[in-house]
Amino acid sequence: MNGDHIVITGARNNNLKDVSLRIPKDRLVVFTGVSGSGKSSVVFGTVAAESQRQLNETLSWFARDRMPRRERPDADVIDHLTPAVVVDQRPIGGNARSTVGTITDISPVLRVLFSRHGTPGAGEAAAYSFNDPRGMCPECDGLGHVARVDLDRFLDADRSLNEGAVDFPPFGVGTFVWQLYAESGLFDPDKPLRDFTPREWDLLLHGKGFRVPRLNRTGSMGHNAYEGMLERFHRLYIKRDFASLPPKVRDAARRVVREDTCPACGGARLNPAALASRVGGRSIADLSRMEIGDLVAALGEIGDPVAARVAGEAVTRLRRLEDIGLSYLTLDRPTRTLSGGEAQRLKVVRHLGSSLTGMTYIFDEPSAGLHPRDVDRLNALLLRLRDKGNTVLVVEHDPAVIGVADHVVDMGPGAGVRGGEIVFTGTVAGLRAAATPTGRALRRAAPVKAAFREPAGWLEVTGARANNLKDLAVRFPTGVLTAVTGVAGSGKSTLVMEEFAARHPEAVVVDQSAIAASRRSSPATFLGAMGPLRKLFARVSGAPAALFSHNSKGACPECDGNGVIVTDLAFMDPVTTTCEACGGGRYRPEVLAHTLRGRTIVDVLAMTAEEALPFFAEPAASPRGDGGGDPAERAIAERLRALNDVGLGYMTLGRPLGSLSGGERQRIKLATRLHRAGTVYVLDEPTTGLHLSDVGALLALLDRLVDGGGTVIVVEHDQQVVKHADWVVDLGPGGGRHGGEVVFAGTPAELLEAPSVTAEFLRRGLPGRAAAPG
């Protein structure tokens with residue numbers, strides 16, 4: 001019966017080529033295929049988008065007008081849908097006030113427990129919240145730490161204001177803020193700060209409540225409110241969450257700020273009244289500091305029958321965290337410190353307590369960031385959701401997740417314009433036998449490589465104590481590929497991305513932060529190739545460079561350089577159409593009169609990286625063969641080469657970044673770092689979002705970096721990467737306080753003999769020991 005399947009006919013979102021598909025309901029269905037093959041376009045862009053759009057249609061016009069409006073996906077038929085719950089790869093979010101307890105809604109339960117049964121009572125539940133003025137510590141405003149400017153880092157007293165005494169770029173010479181002090185008439189701008197009088201120091205740092213003259217950019221004299229340097233810095237930076245600042249400003253601010261545990265609350269975030277209240281001899285801060293497993297036991301000791309009932313609600317939620325392997329977390333752990341794998345599992349746990357049935361749960365690579373041991377737990381959760389009577393759709397690359405599927409849809413055969421087709425549907429066993437990239441990859445089981453590069457030297461990290469690290473001393477070999485492994489929460493990212501990176505600032509670091517993607521951004525703009533490209537066109541045409549920007553003078557006036565026109569139909573769903581004036585090219589007609597070697601700017605942006613590389617690389621070559629030529633063309637070719645190196649040669653230069661898959665975004669971010677000169681590269685789980693066959697291309701790239709004299713350190717769970725490494729540093733043995741130790745350091749061949757969890761799963765993945773077909 002059709003009702004037993006979600007029916008899609010003629011889907012054309014992004015690169016989909018009139019895809020028609022029947023997805024069985026009440027099953028665990030895994031969508032596979034190379035990165036960029038169209039998996040997300042089917043699952044998220046078609047099924048999820050239409051389900052949520054139709055669900056919104058059941059609401060009143062008043063409610064719909066206040067909600068995000070979704071356009072109907074480009075498909076002929078999308079039928080027999082059920083309500084969809086989407087768990088995507090977007091960061092879990094949360095600012096400095098967001099913790100594991102707040103995001104899982106366990107902390108509110110504890111607040112109710114203390115408001116009803118705490119002795120002495122502090123008041124209602126809000127009186128136990130560090131996010132409410134009634135409960136927060138007045139000294140740190142509920143943040144648990146106080147930040148103070150380190151004046152020795154902020155100011156160079158041996159210099160004058162004109163000489164750059166303020167060692168903080170946003171307040172540097174020539175800025176508006178600098179003018180506020182240097183041109184105010186209050187100070188001699190050529191006088192070293194060490195010669196300032198006490199009154200001048202107080203005025204410079206803390207003055208306020210009056211206005212001073214300042215020369216505006218127009219040449220006229222303005223009068224601006226005066227604010228001392230520390231007063232201004234405190235308002236703009238310390239009172240804001242550093243994570244919300246632009247990266248360059250955030251790094252500059254952190255360099256001149258010293259953060260200390262709040263002396264008033266000891267980091268507990270709460271006021272004295274809330275901290276004095278006890279249940280079972282413990283404060284709410286005591287309970288929040290306990291690991292999940294210990295907290296379950298502590299709440300189980302509560303004897304009062306009424307209090308025990310409230311505690312039991314918290315225990316039910318805590319056990320769900322235990323079930324997904326997060327028993328080592330604490331409720332007071334800030335969400336921004338969670339690893340990608342931990343954040344993914346916290347998203348999953350939100351839905352485990354739901355008794356709803358007949359839903360469609362949609363997951364985007366839920367295994368991302370998970371150790372193979374934790375993937376087994378994830379699979380159990382997915383199957384549990386299915387067994388409740390729900391349809392579970394998963395976009396995934398991990399063979400272990402694919403192996404438990406009831407049904408598989410394989411997309412391909414390639415990526416971008418080479419994909420967008422269904423190349424296989426059926427069972428896992430059928431997929432393993434199929435002649436598709438996924439089928440071939442599942443049949444391969446690579447051995448640990450036979451020969452390893454010898455270290456050229458060592459980079460040391462000593463006294464590493466951040467988070468759960470236990471005063472580690474670790475040596476990382478140079479001139480080789482090192483994989484840092486271990487279960488989630490063992491301390492891998494802390495050791496590499498924090499401790500190592502801080503001690504070796506020369507390293508080129510590629511973390512897991514999301515890239516900003518919009519309709520106006522593209523590979524050309526993101527890689528920094530658009531500036532040199534505009535200069536090239538300006539030089540050959542004599543026109544201003546701004547004419548060749550679709551975000552500036554060159555923008556088509558009809559669509560404002562978007563290439564499409566979104567028509568707002570008030571309460572109805574919006575409609576997006578290709579701009580008829582520019583044909584989707586984004587530029588005004590006069591721009592197309594100018595060409596570079598016979599190609600317009602629209603033609604160039606329509607090229608793939610593979611097509612564009614010879615277009616720029618060959619003319620840029622010097623007749624002497626010395627790599628000379630036009631600097632702008634060399635800059636473009638260098639960036640295009642990086643795009644090819646990360647396996648995105650099929651991507652057009654003008655494609656909107658908002659249409660990229662998670663794996664494509666990860667790789668384009670990697671490409672931006674590769675054209676930087678460096679000898680030490682640090683990567684945090686670079687295989688995230690990559691198909692099994694794409695991992696091979698990534699390893700070839702890492703080999704080129706090492707063979708070129710570089711040192712590469714990757715934090716990874718992927719067994720292909722671990723087997724291919726020259727050196728492995730394995731952390732553990734568990735997560736949280738049970739981790740933070742180096743349990744192994746040596747070659748992958750030596751790791752096979754080690755008694756670690758990573759070694760156990762590495763042995764399982766050897767040829768002849770691969771999982772049997774499902």
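What you see is a predicted model; the values in this text were computed from it and never measured.
Between atom OG1 of residue Thr672 and atom CZ of residue Phe526 there is a gap of 5.0 Å, rounded to the nearest 0.5 Å. Between atom CG of residue Leu643 and atom CG of residue Leu653 there is a gap of 7.5 Å, rounded to the nearest 0.5 Å. Going from atom CZ of Arg641 over to atom CD1 of Ile636 covers 12.0 Å, rounded to the nearest 0.5 Å. One finds the CD1 atom of Ile713 at 12.5 Å from the CH2 atom of Trp727 (value rounded to the nearest 0.5 Å). Atoms OG and CG, on Ser522 and Leu605 in that order, are 6.5 Å from each other to the nearest 0.5 Å.
His594 and Thr600 are not linked by any side-chain donor-acceptor pair at a separation below 3.5 angstrom, with hydrogens and angles left out of the test. In summary, the side chains of Asn13 and Ser41 do not present any donor paired with an acceptor at a separation below 3.5 Å, with no hydrogens or angles considered.
At distances below 3.5 Å, not a single donor-acceptor pair connects side-chain atoms of Lys449 with backbone N or O atoms of Lys723. Under the 3.5 Å distance criterion, the side-chain polar atoms of Glu460 are left unmatched by any main-chain donor or acceptor of Arg475. Judged by distance alone, the side chain of Asp398 and the main-chain N or O of Ala400 form a donor-acceptor pair under 3.5 Å. Without hydrogens or angle criteria, Arg432 side chain to Gly439 main chain gives no donor-acceptor distance under 3.5 Å. Distance alone, capped at 3.5 Å, places no donor-acceptor pair between the Thr436 side chain and the Val423 backbone. Between the side chain of Ser549 and the main chain of Asn551, a donor-acceptor pair closer than 3.5 Å is present. Side-chain atoms of Thr46 do not come within 3.5 Å of backbone N or O of Val43 as any donor-acceptor pair. Under a 3.5 Å cut-off, the side chain of Thr525 and the backbone N or O of Ser521 do not form any donor-acceptor pair. The main-chain N or O of Thr747 is found under 3.5 Å from a side-chain atom of Glu750 such that the two form a donor-acceptor pair. With hydrogens and angles ignored, the 3.5 Å screen pairs a side-chain donor or acceptor of Thr478 with a backbone N or O of Gly457.
Here the closest heavy-atom approach between residue Pro372 and residue Gln719 is recorded as CG-NE2, 3.9 Å. Nearest heavy atoms, Pro523 versus Met651: CG-SD, 3.6 Å. For the pair Gln720 and Leu699, the tightest heavy-atom approach, listed with the atom from each and the gap, is O-CD1, 3.9 Å. The two residues Thr758 and Leu751 make their nearest non-hydrogen contact at CG2-CD2, 4.2 Å. Shown here for Gly38 and Leu16, the closest heavy-atom pair between the two residues is O-CD2, 3.7 Å. In terms of heavy atoms, Val448 sits closest to Ala749 at CG1-N, 3.8 Å.
Sorted by first and then second residue, the ring-ring contact (aromatic ring centres under 6.0 Å, His included) pairs involving residues 478-508 (not counting sequence neighbours) are Phe476-Phe500, Phe500-His504. The salt bridge (Lys or Arg N to Asp or Glu O under 4.0 Å) pairs that include a residue from residues 484-502 are Glu499-Arg503, where partners are two or more places apart or lie in different chains. Applying the side-chain hydrogen bond (donor to acceptor under 3.5 Å, both in side chains) test to pairs two or more places apart or on separate chains, those with a residue in residues 686-701 are Thr438-His691, Thr687-Glu716, His691-Ser693. Residue pairs meeting the side-chain hydrogen bond (donor to acceptor under 3.5 Å, both in side chains) criterion with at least one partner in residues 699-708, sequence neighbours excluded, are Arg453-Asp703, Arg453-Asp707, Asp645-Arg704, Asp703-His724.
The side-chain hydrogen bond (donor to acceptor under 3.5 Å, both in side chains) search around Glu396 returns Ser367, not counting sequence neighbours. For Arg667, the side-chain hydrogen bond (donor to acceptor under 3.5 Å, both in side chains) partners are Ser35, not counting sequence neighbours. Partners of Glu610 according to the side-chain hydrogen bond (donor to acceptor under 3.5 Å, both in side chains) rule, which considers only residues two or more places apart in sequence or in another chain, are Arg418. By the side-chain hydrogen bond (donor to acceptor under 3.5 Å, both in side chains) test, Arg12 is found to be paired with Asp18, Asp74, Asp76, residues two or more places apart in sequence or in another chain being considered. Checked against ring pair (Phe, Tyr, Trp, His ring centres under 6.0 Å), Tyr587 has the following partners two or more places apart in sequence or in another chain: His550. Scored by the side chain to side chain contact (heavy atoms under 4.5 Å, CB included) test, Ala405 finds Val30, Val408, Val428 as partners (sequence neighbours excluded). Listed by chain and residue number, Leu21, His407, Val409, Ile422 satisfy the side chain to side chain contact (heavy atoms under 4.5 Å, CB included) test with Thr425 (two or more places apart in sequence, or in another chain). A search for side chain to side chain contact (heavy atoms under 4.5 Å, CB included) contacts involving Ala546 returns Ser552, Lys553, not counting sequence neighbours.
For the pair Leu459/Val680, a side-chain contact is recorded, criterion being any heavy-atom separation below 4.5 Å from C-beta on. By the 4.5 Å heavy-atom criterion applied to side chains, Val417 and Asn15 are not counted as neighbours. The side-chain heavy atoms of Arg586 and Val602, taken from C-beta on, include no pair separated by under 4.5 Å. Side-chain contact between Val480 and Thr482: present, with at least one pair of heavy atoms (C-beta onward) separated by less than 4.5 Å. Between Ile362 and Phe44, some side-chain heavy-atom pair lies under the 4.5 Å cut-off. Within the 4.5 Å cutoff, the side chain of Ser541 has heavy atoms near those of the Phe548 side chain. For the pair Leu472 and Leu469, the minimum side-chain heavy-atom distance is below 4.5 Å. Annotation: side chain of Phe616 is in contact with side chain of Val604 (closest heavy-atom distance under 4.5 Å).
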Intermediate values then yes/no, side chain to side chain contact (heavy atoms under 4.5 Å, CB included), Leu670 and Leu701: CA-CA 11 Å; Leu670 179 59; Leu701 170 61; 4.1 Å; yes

Is there a side chain to side chain donor-acceptor pair (under 3.5 Å) between His397 and Thr32 once you walk through the steps? CA-CA 6 Å; His397 295 297; Thr32 61; over 6 Å; no

Go through His717 and Glu685 one step at a time and tell me if the side chain to side chain contact (heavy atoms under 4.5 Å, CB included) criterion holds. CA-CA 7 Å; His717 294 297; Glu685 299 187 28; 4.0 Å; yes

Can you list the steps and then say if Met411 with Val42 is a side chain to side chain contact (heavy atoms under 4.5 Å, CB included)? CA-CA 9 Å; Met411 301 293 297; Val42 172; 3.9 Å; yes

Criterion side chain to side chain contact (heavy atoms under 4.5 Å, CB included) on Val715 and Val682, from CA distance to verdict: CA-CA 8 Å; Val715 176; Val682 176; 5.9 Å; no

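In this structure, Arg373 fails the cation-pi test against Phe761, since its NZ or CZ atom is not both closer than 6.0 Å to the six-membered ring centre and inside 45 degrees of the ring normal.
The pair Arg599-Glu611 does not meet the salt-bridge criterion, since no charged nitrogen lies less than 4.0 angstrom from a carboxylate oxygen. Classification of Lys347 and Glu342 as a salt-bridged pair fails, no side-chain N sitting under 4.0 Å from a carboxylate O.
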